[in-house]
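This is a predicted model, so every value here is computed, not measured. Indexing begins at 1, ligand by ligand and atom by atom, following the structure's order.
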Amino acid sequence: MKLFFRTAICCIIMTVILCCGCGDAGPGERTDRAGQNTASWQYMDTAMGTVVQQTIYAKDQETAEDFSRQAFDLLSRLESEEISWRLDTSEVYRANASAGSGEGFGLSEDLSGLLEACKELWERSDGAFDATLGAVTRLWNIDSWAVEEDTEEFAPPAEGELERALSTCGSQRMRLVWEESGESGPKLGTDSVTEGDSAAAASASLQEGNGQAGRCRLYLPEGMQLDLGAVGKGFAMERLLGLLEDSSDVTAAVISLGGSILTYGSKPDGGPWRVGIVDPFDTSGSVGTLTLEGQWCVSTSGDYERYVEADGVRYHHILDPKTGMPAVSDVRGVTILMKDGLLSDGLSTACYILGPEKGMDLAGQYGAEALFVMADGRIEMSEGMEAYFMENENRR
Ligand code: ADP
Ligand code: MG
C-alpha cells in the first residue's frame, strides 16, 4: 500500500513572508530598515511539532535575539510541562493517567482555565469540538502523520476498535470541580493523586475550601484521554502575547506557529500587517490577504494541513466526535480572526466541522470573524471579516 503524508510547512512559510513584507531571511538574519529607529529580525525553529517563525521588531539585535530565545524556551516548556499527552513530564499526561481513579486530578490554574474554555466550546459547538477525543486520535496515530514521510504502512482503525475508543470520549463526562463553586465531586480522602502531582496539595484541600483560587479538580472517567491538539497553538499564542507585553524593548512582532499567527504592536513605518490565507487547493498560494493593525490572532484549520492517503482515500486530522472518522464537510479550510489565541484555534477546528452557517453563528457568539473556503472554491465569510479580507485576484 502506497502512502503519502503531508504537512503544510511550505504554506506556513509563505504566510509568514506575506505577513512580514520582507524577504525570506534565515534565523537571526537582519532585515535592514535604514533611517528607522527599530529594525526587524527573523528566527525560525521547530517547537510543539510545527515550524515556528518569529519576526521581531526591537531596538537592537541583542534584544530581538534574547526575546526569540525566551519565546522558543517558553514553547518547549509549555509542551513538556503542560500540554503534551506523550511526555510523562506534562500535566496533561498526568491528568490522563488519573482517568478512572475516582480521586480526580488537581489542575494548575492555567490548565483549569484552558479545560473550562474547552468545555464551554464543546457545549456551544454542540459537541463538534471535543478535547476528550484522545483515545480516538491515538488510534488514528495522527501525530505520526506530521513527522513521517511516505514509508509507513497505514490502515484506518477497525470498526470495533473505533467504537471502543469512542465510548471513552465525550466532554459531558469530563467533570471540572472549581474550588469556589461548592459543586461536590467524589469524596477526597487521601492525597493519592498520581505521584509527582505538584497541584495535589491544593486540590486535596478542595472540601476544606482553603486551596488556591482559580484551580479546579478534574475527574476523567476510565479510559478517557485528553487531546489538546486543537487548542495547543492557541494556548501558546496567549503565552507569547504575555511575553511580548512584558518585553518593553520589543515594539512589534509577528509569530507564526503552524496554522496560527499572532500579530503584535505596529511596524515602525506605521504600515499594517498582511497575513495571507493559504489556498487549500494550492497550498503554495493564497486565497487572499488579511490587512490588520496591532494585536490579532489568526488561526486556520483545514483538511490539507495534515492527512494521509491510503488506497485512494484521503483521511484528514479533524475528526467528527460523533463518528470518530475524519469530518465530512463541504469546507476545505476555515480561518478565524479574533484577539484571543486559544479561542481562535479552538473555533477554527469547530467551525470546520460545523460548516459556514452554524460556524459563523458560533464564531459570532465569541465576537470572532470567520472565513470559509468551500469545497467548490467559493469563499464565505462573516460580515465583519469583509473589512479585513481582500481576495487574491489571481485565484483560479
Ligand atoms: P492543527 O493543530 O493541525 O493546526 P487543528 O487546530 O484543527 O489543526 O487541530 C487538529 C487536532 O486537534 C488534531 O490533530 C487532533 O489532535 C485534535 N482534534 C481532531 N478533531 C478534533 C475535534 N473534533 N475536537 C477537538 N480536537 C480535535
Ligand atoms: Mg484548532
Side-chain angles (χ1 to χ4, degrees), residues 5-9 11-12 15 47-52 79 83-86 92 96 114-115 117-147 165-166 169-171 174 224-238 256-261 278 280 283 297-308 315-329 331-336 338 340-355 359 362-363 366 368 370:
F5 295 92
R6 170 132 217 199
T7 60
I9 287 173
C11 51
I12 292 160
T15 308
M48 300 178 69
T50 194
V51 177
V52 178
E79 180 170 35
I83 59 172
S84 169
W85 61 264
R86 265 174 286 115
V92 164
N96 282 341
L114 172 61
L115 286 181
C118 286
K119 191 146 186 184
E120 188 177 334
L121 188 51
W122 168 79
E123 263 168 30
R124 291 194 188 205
S125 68
D126 208 12
F129 174 93
D130 195 335
T132 69
L133 288 179
V136 175
T137 59
R138 255 145 267 179
L139 205 52
W140 284 97
N141 206 7
I142 288 175
D143 278 14
S144 75
W145 300 358
V147 289
L166 255 187
C169 305
S171 287
M174 168 177 86
M224 183 175 279
Q225 298 287 284
L226 299 173
D227 178 334
L228 302 182
V231 284
K233 290 172 210 145
F235 191 46
M237 282 201 286
E238 289 296 303
S256 151
L257 304 110
S260 290
I261 291 174
V278 171
T283 55
C297 292
V298 183
S299 290
T300 298
S301 289
D303 61 12
Y304 57 88
E305 284 183 319
R306 229 187 248 202
Y307 63 85
V308 52
Y315 302 92
H316 66 80
H317 73 319
I318 302 173
L319 304 178
D320 184 341
K322 291 192 176 72
T323 61
M325 296 290 288
V328 178
S329 173
V331 174
R332 296 289 323 271
V334 181
T335 297
I336 299 289
M338 68 187 301
D340 186 285
L342 176 70
L343 289 171
S344 69
D345 195 5
L347 279 170
S348 65
T349 310
C351 288
Y352 178 89
I353 296 168
L354 290 174
L362 176 67
Y366 285 98

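- Listed for the Q225 side chain is no donor-acceptor partner under 3.5 Å among the backbone atoms of A135.
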Dump the intermediate steps for side chain to side chain contact (heavy atoms under 4.5 Å, CB included) on S125 and L354, then the final yes or no. CA-CA 8 Å; S125 68; L354 290 174; 4.2 Å; yes
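- Ordered by chain and number, A230 O, D345 O, D345 OD1, T349 OG1 make up the set of protein N, O or S atoms under 2.8 Å of the Mg ion (ligand 2).
- Without hydrogens or angle criteria, N96 side chain to L226 main chain gives a donor-acceptor distance under 3.5 Å.
- Considering only residues two or more places apart in sequence or on other chains, A327 meets the side chain to side chain contact (heavy atoms under 4.5 Å, CB included) condition with H316, D320, Y352, I353.
- For D130 and S171, the side-chain atoms include at least one donor-acceptor pair closer than 3.5 Å.
- Contact annotation: the side chain of N141 never approaches that of V308 to less than 4.5 Å [non-hydrogen atoms, C-beta and beyond].
- Residues satisfying the side chain to side chain contact (heavy atoms under 4.5 Å, CB included) test with A230, not counting sequence neighbours, are F129, T349.
- S348 and T300 share no side-chain donor-acceptor pair at under 3.5 Å.
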Please step through side chain to side chain contact (heavy atoms under 4.5 Å, CB included) for the pair W122 and M174, ending with a clear verdict. CA-CA 11 Å; W122 168 79; M174 168 177 86; over 6 Å; no
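- Under 4.0 Å from any atom of ligand 1, one finds heavy atoms of residues A128, F129, D130, L133, T137, I142, D227, G229, A230, K233, S301, E305, H317, I318, L319, P321, D345, T349, I353.
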